[in-house]
Amino acid sequence: MSTSVLICDDSKLARRQLARSLPDDWDIKVEFAEHGVHCIEQIKKLHPEILFLDLNMPEMDGYEVLQAIQQQGLNVLTVVVSGDIQPNAHQRVLSLGAIDFIQKPCSAEKLAHIIEHHGIKDKAMRERLANSLGEQVDPDVRDIYQELTNVAMGQAGDLLARLLNVFVKLPIPNVNILEVNELDMALRSIDANASTSGVCQGFIGGGVSGEALLLLNDSSFKEIASLMNYDGELNDKIELELLMDISNILIGSILTGLSKQLDMDFSQGHPVVLGQHCDVAELVKANKSRWQRTLAIEISYGIENHNINCDLMLLFTEDSLKTLKYKVAYLLED
């Protein structure tokens, strides 16, 4: 039976080029959508299994299409195909439910790799992937997770601001349930082209366990050292000490803030250095066996007027979800 594929792009040329780039040995039926509004209409009418989606379009852009797919519970595996190669674009589309991101112009080789990587040709694999993506965090529960994290990260930001005498920019936390392959992609989308150092620290308590992962862009070390009044020459040892200092502040205070609000005590393991001065893909490849299906809360810290950027991810184990849901339900009742 043919696989139903929908290609959405406001450019007729782009639609045709992508269709011609799909594998010749793939039994598919291809349909097209000319913009975002048309895309949603086509999804409801045709029920495609696979959607290749452009981002920059009139009437409704690709981000809005992804949001509409989530909000309306539409069941389609989405691969974004776009010329927008900003790391934030990658991260944003993955957080909105896309399974991958391909840069334009899209080659047949790249498409074949993505299709093979996700097992999209295999119907059983498509169904498993669709089911995993279909389990979204309930909006009310997501709101609670975000608010709990807001309070905790505010405390962490305050400590960091006092230590460095700076203004810390606090983001809106990103909350998702991710399979290991989705977590892999989400991590790879963080500062994809930058050298990075990372620390991971486990935590457990009250039926909840997980790991806190801190990734610090290597370009941040010089300014962190300056703000901490360190005048000597930087080397791997000093940078490791700075990395540990930052991770102790952010991870420790985040977990303390969450434990107080959830009324449970977390015991923290010893921090583990995942790697220094390598790209995120290397960190992920070396450590991906540590992470399986998880509730992931991502926080991206920035320092105003300074080139300092770090990402903190709280990765709760699948076994923790039941306890967390119980705790959240109790908070909602109050």
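Since we're looking at a predicted model, the values are computed, not measured.
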**Message:** Could you check whether Arg15 makes a cation-pi contact with Phe52, meaning its NZ or CZ is under 6.0 Å from the centre of the six-membered ring and within 45° of the ring axis?
**Reply:** no
**Item:** Pair Ser11-Asp9, side-chain donor/acceptor within less than 3.5 Å
**Value:** no
**Message:** For Arg162, give me all partners under salt bridge (charged side-chain N to carboxylate O under 4.0 Å, His left out), at least two apart in sequence or on another chain.
**Reply:** Asp158
**Message:** Is it the case that the side chain of Thr78 and the backbone of Leu51 share a donor-acceptor pair, with hydrogens and angles ignored and the cut-off at 3.5 Å?
**Reply:** no
**Item:** Whether over 12 other heavy atoms sit under 6.0 Å from Glu233 CD
**Value:** no
**Message:** If the condition is ring pair (Phe, Tyr, Trp, His ring centres under 6.0 Å), which residues does Phe203 pass it with, not counting sequence neighbours?
**Reply:** Phe266, Phe316
**Request:** Applying salt bridge (charged side-chain N to carboxylate O under 4.0 Å, His left out), name anything that partners Asp25, two or more places apart in sequence or on another chain.
**Result:** Lys121
**Request:** Please identify each residue that fulfils side-chain contact (heavy atoms from CB on, under 4.5 Å) with Gln155, with sequence neighbours left out.
**Result:** Val151
**Request:** Give a yes or no on this: more than 12 heavy atoms of other residues, nucleotides or ligands lie within 6.0 Å of atom CG of Asp245.
**Result:** yes
**Request:** Under the side-chain contact (heavy atoms from CB on, under 4.5 Å) rule, collect the residues that match up with Ser267, sequence neighbours excluded.
**Result:** Ile204
**Request:** Give a yes or no answer on whether the side chain of Glu304 reaches the backbone of Phe167 with a donor-acceptor pair at less than 3.5 Å.
**Result:** no
**Prompt:** Counting only heavy atoms not in Glu116, do more than 12 fall under 6.0 Å of its CD?
**Reply:** no
**Asked** Do Asp265 and Ser259 meet the criterion of a side-chain donor-acceptor pair at a distance under 3.5 Å?
**Response** no
**Complete:** Sorted by chain and residue number, the side-chain contact (heavy atoms from CB on, under 4.5 Å) partners of His306 (sequence neighbours excluded) come out as Val166, Glu223, Leu227, Ile303, Ile308
